[in-house]
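One is the number of the first residue; the rest follow in order along the sequence. Just so it is clear, the model here is predicted, and its values are computed rather than measured. The figures that follow rest on heavy atoms only: side chains count, while hydrogens, waters and symmetry mates do not.
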Amino acid sequence: MDNASHDAEREPAPRREPRRLPWWGRAVGGLAVLAAVLVLAGRFSLLPDFGDLFREDTVDRSGPVLLKSIQDMHRYEGAAGNFQVVVDLEKDAAFLPDSVRGTRTLYVGAGSVSGYVDLGGLGEQAVTVNEERTEVSLRLPHAVLGTAALDLDRSYAVSKQRGLLDRLGDLFTDNPAGEQAVQRLAVQHITEAARDSGLVERTEKNTTTMLEGLLHSLGFQEVTVGYA
C-alpha cells in the first residue's frame with residue numbers, strides 16, 4: 001500500500017454544518033415558547049392580571065333630556081292585554097334565487113295594548129242628577145284601544161337568513177330597516193288581535209265598576225253608566 005492511500009485512510013471525514021431554520025421558522029418557534037411560558041406563569045399566578053388591558057369601557061355621552069310638552073290625561077285605562085306573535089317575514093327577488101338575493105326573518109314579538117275611556121270631553125249633558133241627589137246617570141263615549149307597545153326586552157329574532165348580496169350589503173350598513181320591518185309587522189298583528197280579544201268590552205265593564213263604586217261612596221244610591 002502506498003503512502004497516498006495510507007494518508008487517505010487517516011484523513012477524517014469533512015464536518016457537516018447543522019441546518020439552520022429560516023427566520024420565519026425561528027420567529028414562530030419563539031412565539032410558541034413565549035405563549036407556553038405565559039400560560040404556565042398565568043396558571044401559577046406568577047404574572048399580574050392583564051384582564052383590564054383588553055377591557056371594553058362604555059361611556060354614555062348623551063345630551064340632556066329636553067322636555068317638549070306636557071299633556072293632561074283625561075282618560076281612564078280600564079284594561080290592558082299582553083300579546084305575543086311569531087312573525088315570519090320573507091322577501092324574495094323576482095329573478096334571483098334566495099341564496100343570492102333574499103331575506104327571511106323569524107321574529108318573536110311581545111307587546112301590550114291598553115283600552116281606555118276618554119273622560120276629558122264630557123259636558124254637562126253627560127251627567128244627570130235627580131233633585132234628591134240619590135240617583136246619577138252618566139253617558140260616556142265608547143272605550144277605544146291605545147297604540148300597541150312592543151316590549152323590546154321580551155322580543156327577539158329567532159333566525160335570520162340572508163342571500164349573498166344581502167350579506168355583502170350588511171358590511172356597509174347597520175341594516176336597521178330589516179329589524180324595523182318585522183317590528184312594525186309585529187305591532188300590526190298585535191293591534192289586530194287586540195281588536196278581536198274583547199278588550200274594549202272589558203275596558204267598559206271595568207270603567208263602569210270603578211264609577212259605580214266611586215259614586216256610591218259619594219252617597220248616590222242608584223248609578224247608571226251608559227256608552228254612546
Side-chain angles (χ1 to χ4, degrees), residues 60 62-91 105-158 174-228:
D60 185 1
S62 304
V65 178
L66 301 178
L67 177 62
K68 303 296 289 186
S69 63
I70 295 179
Q71 295 177 337
D72 294 331
M73 305 301 294
H74 299 286
R75 66 187 191 184
Y76 176 76
E77 293 188 357
N82 296 312
F83 302 87
Q84 187 178 77
V85 60
V86 178
V87 178
D88 189 350
L89 180 60
E90 183 175 2
K91 294 183 179 181
T105 304
L106 195 63
Y107 184 83
V108 176
S112 62
V113 180
S114 61
Y116 66 90
V117 175
D118 189 0
L119 304 177
L122 297 181
E124 295 181 358
Q125 68 278 6
V127 181
T128 303
V129 180
N130 66 346
E131 295 182 358
E132 292 80 10
R133 298 187 61 83
T134 57
E135 300 179 3
V136 59
S137 176
L138 300 177
R139 199 68 173 171
L140 307 178
H142 281 290
V144 295
L145 297 179
T147 303
L150 196 64
D151 188 348
L152 298 181
D153 291 334
R154 296 190 296 120
S155 303
Y156 55 93
V158 178
D174 293 335
N175 193 23
E179 195 80 3
Q180 292 174 359
V182 290
Q183 290 176 353
R184 285 195 298 266
L185 199 55
V187 169
Q188 177 182 337
H189 289 313
I190 290 175
T191 301
E192 294 172 354
R195 295 194 188 106
D196 301 330
S197 65
L199 189 59
V200 170
E201 292 77 6
R202 175 68 67 86
T203 299
E204 293 183 355
K205 179 180 178 181
N206 293 343
T207 303
T208 299
T209 301
M210 182 274 297
L211 291 174
E212 287 177 345
L214 175 62
L215 293 173
H216 281 309
S217 66
L218 294 177
F220 291 97
Q221 300 177 5
E222 184 175 346
V223 178
T224 303
V225 179
Y227 297 88

*Asks:* Mind listing the closest non-hydrogen atom pair of I190 and A148 along with its distance?
*Replies:*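 Scanning both residues, the minimum pair turns out to be CG2-CB, 4.1 Å.
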
*Asks:* Where do S197 and F83 come nearest, in terms of heavy atoms and distance?
*Replies:*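 It is OG-CZ, 4.0 Å.
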
*Asks:* Would you confirm whether S112, through its side chain, and N82, through its main-chain N or O, come within 3.5 Å as a donor-acceptor pair?
*Replies:*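 Not at all, since once roles are kept as given, no pair shorter than 3.5 Å links the two residues.
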
*Asks:* Would you say E204's side chain and A143's backbone share a donor-acceptor pair under 3.5 angstrom?
*Replies:*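 Such a contact is found between E204 side chain and A143 backbone.
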
*Asks:* Answer yes or no: is there a side-chain heavy-atom contact under 4.5 Å between L122 and V127?
*Replies:*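 Answer no - side chains too far apart.
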
*Asks:* If you round to the nearest 0.5 Å, how far is CD of Q84 from CZ of R154?
*Replies:*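 Here the rounded value is 7.0 Å.
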
*Asks:* Closer than 3.5 angstrom, by distance alone: can the side chain of N206 be matched with the main-chain N or O of A79 as a donor-acceptor pair?
*Replies:*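 Not at all, since once roles are kept as given, no pair shorter than 3.5 Å links the two residues.
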
*Asks:* From Q183 CD over to Y107 OH, what is the distance, rounded to the nearest 0.5 angstrom?
*Replies:*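 Between atom CD of Q183 and atom OH of Y107 there are 4.0 Å.
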
*Asks:* So, taking the atom named CG in L214 and the one named CZ in F220, what distance separates them when rounded to the nearest 0.5 Å?
*Replies:*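 Going from the CG atom of L214 to the CZ atom of F220 covers 10.0 Å.
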
*Asks:* Closest approach of L150 and A186, non-hydrogen atoms and distance?
*Replies:*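 L150 and A186 have their closest heavy atoms at CD1-CB, 4.3 Å.
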
*Asks:* Can you give me the closest heavy-atom contact between L89 and A181, atom names plus distance?
*Replies:*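 Looking at all heavy atoms of both residues, the closest pair is CD2-CB, 3.9 Å.
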
*Asks:* To the nearest 0.5 Å, what is the distance between CZ on R75 and OG1 on T203?
*Replies:*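 Rounded to the nearest 0.5 Å, the CZ-OG1 separation comes to 11.0 Å.
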
*Asks:* Going from CD on E212 to CG on L138, what distance comes out if it is rounded to the nearest 0.5 angstrom?
*Replies:*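 Those atoms lie 9.5 Å apart.
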
*Asks:* Rounded to the nearest 0.5 Å, what's the gap from CG on L185 to NE2 on H189? Could you check?
*Replies:*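 Going from the CG atom of L185 to the NE2 atom of H189 covers 3.5 Å.
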
